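Small disclaimer: the values here were computed from a predicted structure and weren't measured. Proteins come first, then strands; the chains are lettered A, B, ... in the order of their sequence lines, and each starts at number 1.
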Amino acid sequence: MENRFSFLEAEPQWLSQWQKIHLGAPANGTEAPFVMVIPPPNITGSLHVGHALDNILPDCLIRYHLSRGRPALRVPGTDHAGIAAQFVVEKHLKSQGVDRNRLSRDEFEAVLKNWAETTKTNILEQLVKMGCVMDFTRTRFTMDSICSRAVRHAFKHLFDKGLIYQGDRLINWCVRCHSALSDLETEWNSVKGRLYYLRYPLEGGGEIVVATTRPETMLGDSAVAVNPNDSRYFDFKGRFVILPLINRRIPIIQDHRIEAGFGAGAVKVTPGHDPLDWAIGQDHQLPIYKIIGEDGLMTAPAGVYQGLAVAKARQKILDDLKQQNFLIKEEPYAHNTAVCYRCAQVVEPLISKQWFMKMDPLRDLALKAYQDNGEPKFHPPHWGELYRHWLQNLKDWCLSRQIIWGHRIPVWHCKSSSKLKPENFSKSNSELGTGNLEQFSSCHPICSEETPASCPSCGSTALEQDPDVLDTWFSSSLWPMSVFGWPDQTPDFKRFYPTSLMVNGYDITYLWVARMVMMGLYLTGRVPFKEVYLHGLVRDSQGRKMSKSLGNVIDPAVIQNERGTDALRFGLIMAMQPGRDIYLSKDSFVSAQNFNTKLWNASRFILQELSKLTPAAPVKETPANLTHWAHPADFWMIGEINKTIQTFNQEMLRLDPAAALRCLYGAFWGSFCDWYLEIVKLRRLNDRYGNTVSLMRDLLGDFLVCLQPFIPYVTHEITKEFNSYLAVKTLLALHPSPAPWNVKSDLLQQGARWASITKEMVMEIRSLRADLGLSPTDEIQVHWQNASNHGFNSQDTAIIQGLAKCRFVEPSLSAVKIRRVIDSGNIELTLYPATTWDAARETARFRAELEELDRSVNRLKRLLSNTGFTGKAPPDVIEQERGRLQGCLQRREKFSDYLKQLEQSSS
RNA sequence: GGGCAGUUAGCUCAACGGUUAGAGCGUUCGCCUCACACGCGAAAGGUUGGGGGUUCGAAUCCCUCACUGCCCACCA
């Protein structure tokens, strides 16, 4: 074995073996498989460290369940990522000097398909390299034929139920992406703008002042609103305003949504370009003027301002208002503006004909499932309430996007007649005036899973598919169903749906998780996953988001190259705290790598001991009759591993792999390496040493099996090195998770007691050695009273001598003495240092100890004489306190005795 | 504006009503000791954010204040 784990050489060997182990051995029992689907990464580029988390945490769970003999499946795949992907590809084209607007729809789609193929391959390869156990024969892509079919089927079903409709609504329009966005796809930025106070003249004399941050929208005003209780405006009721610049006559209306306290108390109402104004406009039946177009330029109704970009129009309108004395004042004002969550450009609220989905029936199902059955179960639990609250306030979902990359809406329009269908146009539409609305025939739109041959109403074959594509999250919301072939009742769908657990970052709880639940419930009657684990977001060591511009991005591939995939996996899992964001720096992976090295080296030591055994045939299995040959140290370690196995299982099952890993880390390094292996070394001369070595090997085997889900590469590589020496016969990943060792509890207790005394003694001596400034080669002489009472024989004392670099001697009356007690004062230790020694310091030490003990004794006496305590506390707690008091008294007696001796000898 | 989470050692976090609050990293000191210097040993470091309450007993439960982060809403 090399003295370092060469991960770069070792890693590639294991990948092909792991790809075969999905679902594990053929299921013999009836236990339901543990099923997860991957949160499909966007095909925008390569995987970042957040993706690594999304995949490594589930992989640990999948591997864990496989090792417990439960069939386990994880389905990989990728997401076409609509706007996000189109944005990235547009940028890429631009960097190559290609303007995407000069490409035809088909040409651009071809570029995107090509891009998707490349990144898909790259992403799947990265997943494989991270060691993820997935069934790559079931790999899906949200735009492949299976998923697309599910999308069309779901759409048609919802359409037929009347839940999907087309209509003119105020929506979020990204001018750069040239598409509508849903409410969840906008983000809010604080901007330092200005608040402008405009003077609106009243018909018949007088004026009213309105405040606005967007003066250019005044061209679209159709009313001025005031609060009905605002006494300043009681007299204005029923009067009209003549809108400056364009001289439109608009009413003054009253609406309770207007806050009297803000600005001037009167608000210009622009139903075409503001969400609140749109709502007010609906209620008051106000006309709508669309003065900003989808291209971000002022439209024809904007009159002389037509064709100007919004910012330029604003400036010109301000100039004109000022010149005509309509601008009273302006003041600095911080407010929020919506931006596109993908391209970060300003979102314009505007009226547009879009496809929407009524969410109420779906929402009700999700609320009922959550309230009645607690489904899905959230980790951490407080997310459940957030989810419920969000559902309660859910609005209709804007489904259509005016981009190219995505699922084309499965609706066809009949072009046979140019006759307009009057009910498609509300009276306000006639005033939109931009001609942007499609002219549809009188035939009903045809929703169909397959391209229809002809119009069912008129028989015409002049059909045109709706040009829009679906929100990328529509296909995502079907993912846990579509990957298994839904709507067909495939064997996979029957066996694996609903899935067991969904793991992803909390940032997409509403965008994705909630929608999957709603769609799953509505379309299949079942919540698509029993549990949801929402992990925190990865941030840098200062808590900032990782971004390319800040230069604080951690590329998982770089960590893998520098420290190994296991270090990446270990470091990420250890950094996870349920419900909290994860702060990472490149240094976060140092101690992870160190652990792997430690594991490697400890294994190397054990292998070396195995190979030294003669004859060449080492013990294959630890002899069962432990009581005949095992040492208390062995029983102690067995007790430790039993506790570890128990905690490990418990934490894994309650979805806290970080706690599980912490427990393994501490037991392996702190108990197994630091103490047990060191003790074993000191037992080499024992004639049963061969048995000890095989026990040590089997204990290592337990650790390897438990650690395998987290650090598969190094553990598998170790089992390979051990070859026939290790009891692990199959591929480690399929080796059964260890059960606690079946050893009588009194033996375990004896072992624990032995270890407790030994460790305390050794640490006391080591501490004193450091205190005295002794060199590690200097032996320190020790006398130990009452040793035999604790059953310590010569082998035990040899172990202590070896660990503490000391030598046991007969008591000496003449030598310098340092006294200590251990085991709560039951054992007295006398040390004879062969060096000068500061008696004054020792005296001070005892005095301090005594003071501390006095305090403890007083406290404990008070506590134990408190009838409130003795009457109410559980008996074992009282017993524990009694024991503590006993120990303190014993120690105090010894220490005052030593102190007296010290004072006598120094005087 | 509404809501959620958090505040414990220099840093990241444990401790899930039991009385002397623990790890890892970092720091300091001593060691290349035959698995490992990616290591070993030793040590320093805390009024558990402030205040009040419940309890025999509070980091833990309740109230309150302060601060931090996030989500939702969007006052023009």
Is a donor on one side and an acceptor on the other found under 3.5 Å between the side chain of A:Ser6 and the backbone of A:Leu8? no

Determine yes or no for a side-chain-to-main-chain donor-acceptor pair under 3.5 angstrom, with A:Arg199 supplying the side chain and A:Ile328 the backbone. no

Would you say the side chains of A:Glu609 and A:Tyr689 form a donor-acceptor pair under 3.5 Å? yes

Under the 6.0 Å and 45° cation-pi test, does A:Lys681 pair with A:Phe605? yes

Which whole-number value in Å describes the distance from A:Leu394 CG to B:rA73 C1'? 15 Å

I'd like to check the ring-ring contact (aromatic ring centres under 6.0 Å, His included) partners of A:Tyr370; sequence neighbours left out, ordered by chain and number. A:Tyr387

Could you state the atom-to-atom distance from CZ of A:Arg855 to P of B:rU20 in whole Å? 12 Å

Given Watson-Crick or G-U pairs with both distances under 3.5 Å, what dot-bracket string fits RNA chain B, with | for other-strand pairs and [ ] for crossing? (((((((..((((....[...)))).(((((.......))))).....(((((..]....))))))))))))....

Taking the P atom of each, how far is B:rA58 from B:rG2, in whole Å? 34 Å

If you measure from the C1' atom in B:rU7 to the same atom in B:rA44, how many Å do you get, rounded? 25 Å

Atom CG of A:Leu584 and atom P of B:rC25: how far apart are they, to the nearest Å? 17 Å

Please report, rounded to the nearest Å, how far the C1' atom of B:rG2 is from the CG atom of A:Asn393. 10 Å

Are any side-chain N or O atoms of A:Arg232 and backbone N or O atoms of A:Ala260, one a donor and one an acceptor, separated by less than 3.5 Å? yes

Categorize A:Trp383 for me: base, sugar-phosphate, or nothing, with a 4.0 angstrom heavy-atom threshold over every strand shown. nothing

Within the side chain of A:His379, is there an N or O that forms a donor-acceptor pair under 3.5 Å with the backbone of A:Val532? no

Touch class at under 4.0 angstrom, heavy-atom based, for A:His335 against every strand present: sugar-phosphate

Correct closest heavy-atom pair for A:Thr270 and A:Thr217 would be CG2-O, 3.3 Å

Protein-to-nucleotide contact annotation, 5' to 3' order, nucleotides 30-41 of chain B [B base; S sugar-phosphate only; - none; under 4.0 Å, heavy atom]: -S---BB-BSSS

Residues that A:Lys643 engages under salt bridge (Lys or Arg N to Asp or Glu O under 4.0 Å), provided they are two or more places apart: A:Glu640

Using distance alone, with no hydrogens and no angle criterion, decide if A:Asn858 and A:Arg855 have a side-chain donor and acceptor under 3.5 Å apart. no

Using atom CG of A:Leu511 as one end and atom P of B:rC71 as the other, report the distance to the nearest whole Å. 12 Å

Quantified in whole Å, what is the P atom distance between nucleotide B:rA14 and nucleotide B:rA23? 16 Å

With rounding to the closest Å, how many angstrom separate the C1' atoms on B:rA5 and B:rG30? 45 Å

Ring centroid separation for A:Phe5 and A:Tyr713, is it under 6.0 angstrom? no

Can you check nucleotides 45-47 of chain B for protein contacts, nitrogen or oxygen pairs under 3.5 Å, and list what you find?
none

Taking only the P atom of each, what is the distance from B:rG10 to B:rG6 in whole angstrom? 22 Å

A:Val49 to A:Ile554 - nearest heavy-atom pair and separation: CB-O, 3.5 Å

Modelled atom types, side-chain donor and acceptor of A:Asp656 and A:Tyr533, under 3.5 Å: no

Rounded C1' spacing from B:rA9 to B:rU47 in Å: 14 Å

Using whole Å, report how far CG of A:Leu803 lies from C1' of B:rA42. 15 Å

Please work out if A:Asn866 contacts a base, only the sugar-phosphate, or nothing of the nucleic acid, heavy-atom cut-off 4.0 Å. sugar-phosphate

Take atom CZ of A:Arg544 and atom P of B:rC70, then tell me their distance rounded to the nearest Å. 13 Å

Take atom P in B:rA59 and the same atom in B:rU54, then report the distance between them in whole Å. 16 Å

Taking atom P in both B:rG3 and B:rC63, what distance in whole Å separates the two? 14 Å

Taking atom types as modelled, find out whether A:Glu187 and A:Tyr341 have a side-chain donor-acceptor pair closer than 3.5 angstrom. no

When the distance from CG of A:Asn189 to P of B:rC74 is rounded to whole Å, what number comes out? 16 Å

Look at the side chain of A:Arg363 and the backbone N and O of A:Asn393, then say whether any donor-acceptor pair between them is shorter than 3.5 Å. no

Can you check each nucleotide of nucleotides 6-19 of chain B against protein heavy atoms at under 4.0 Å and return B for base, S for sugar-phosphate only, - for none, in 5' to 3' order? SS-----SS-B-BB

